[in-house]
Undergrad: 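Dropping a structure here in structure tokens format, bear with me for questions.
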Amino acid sequence: MVQAREWHAPLLTLSSERIARERRDMWAQDESDRRWSRIVGRAVLKAAAWYAFGLLLIGFALNTTNYDLASVLYVVGMFVCALGHTMTAVRFWIAECH
């Protein structure tokens, strides 16, 4: 029986400067990813807050006895629900483009 000869490829040798540079690049990319996550998370929370505020206005409109006030609050609540998160997304997009 013939025994197979084991062959090992030589290990890749990297200079300590290159290793340090790659670590710095990796940490910078990681920090950039964390920053982006914070920015997006903040935008999502703002949009959710506008939506919740609109629902609060609608709920108050449905529970008030003043018809004129209820009509105004309902319409304003609908606009805030519909446009609050949209305007937040547009502002986020404009801020990221410039």
Undergrad: Give me the atom names and distance for the closest heavy-atom approach of His85 to Tyr51.
TA: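 Taking His85 first and Tyr51 second, the nearest heavy atoms are ND1-CD1, 4.4 Å.
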
Undergrad: Return the CD1 to CG distance between Ile58 and Leu73, rounded to the nearest 0.5 Å.
TA: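 The CD1 atom of Ile58 sits 10.0 Å away from the CG atom of Leu73.
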
Undergrad: Please check this pair: side chain of Ser37 against backbone of Asp33, looking for a donor-acceptor N/O pair closer than 3.5 Å.
TA: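 Side chain of Ser37 to backbone of Asp33, a donor-acceptor pair under 3.5 Å: yes, one is there.
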
Undergrad: Counting only heavy atoms not in Arg34, do more than 12 sit closer than 6.0 Å to its CZ atom?
TA: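 Result for CZ/Arg34: enclosed.
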
Undergrad: Do you reckon Leu69 sits in the same ILVMFWY cluster as Leu62, going by side-chain contacts under 4.5 Å, direct or chained?
TA: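 In one cluster with Leu69: Leu62, no.
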
Undergrad: Quick check on the hydrophobic clustering: are Ile39 and Trp93 connected, directly or via other members, by side-chain heavy-atom contacts under 4.5 Å?
TA: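 Hydrophobic grouping puts Ile39 apart from Trp93.
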
Undergrad: With a 3.5 Å cut-off and no angle check, do the side chains of Gln29 and Asp25 form a donor-acceptor pair?
TA: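 There is no such pair (donor and acceptor under 3.5 Å, judged by atom type) between the side chains of Gln29 and Asp25.
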
Undergrad: Membership question, hydrophobic clusters at under 4.5 Å side-chain separation (ILVMFWY): are Phe53 and Val72 in the same one?
TA: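 Val72 and Phe53: one cluster.
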
Undergrad: Whether Arg38 and Glu31 form a salt bridge (side-chain N of Lys/Arg under 4.0 Å from carboxylate O of Asp/Glu) is what I want to check.
TA: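 Looking at Arg38 together with Glu31, the answer is yes, because their closest N to O distance falls below 4.0 Å.
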
Undergrad: Keeping the roles fixed (side chain from Ser32, backbone from Ala28), state whether a donor-acceptor pair exists under 3.5 Å.
TA: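 It does not hold such a pair.
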
Undergrad: Can you tell me how far apart CZ (Arg42) and OG1 (Thr88) are? Round to the nearest 0.5 Å.
TA: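 Those atoms lie 13.0 Å apart.
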
Undergrad: Just jot down the ring pair (Phe, Tyr, Trp, His ring centres under 6.0 Å) partners of Trp36, sequence neighbours excluded, or say none.
TA: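 Ring pair (Phe, Tyr, Trp, His ring centres under 6.0 Å) list for Trp36, sorted by chain: Phe92.
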
Undergrad: Side chain of Asn63, backbone of Gly59: donor and acceptor closer than 3.5 Å?
TA: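 Judged by distance alone, yes, a pair lies under 3.5 Å.
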
Undergrad: Salt bridge or not for Glu22 and Arg18, using N-O below 4.0 Å?
TA: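 Looking at Glu22 and Arg18, the cut-off is met.
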
Undergrad: Is Phe60 reachable from Leu57 through a run of hydrophobic residues whose side-chain heavy atoms are each under 4.5 Å from the next?
TA: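 Yes.
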
Undergrad: Would you say Val76 ends up clustered with Trp50 if hydrophobic residues are merged whenever their side chains have heavy atoms under 4.5 Å apart, either directly or through other cluster members?
TA: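 Hydrophobic grouping puts Trp50 with Val76.
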
Undergrad: Can you tell me how far apart CG (Leu55) and CE (Met78) are? Round to the nearest 0.5 Å.
TA: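 Leu55 atom CG to Met78 atom CE measures 9.5 Å (nearest 0.5 Å).
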
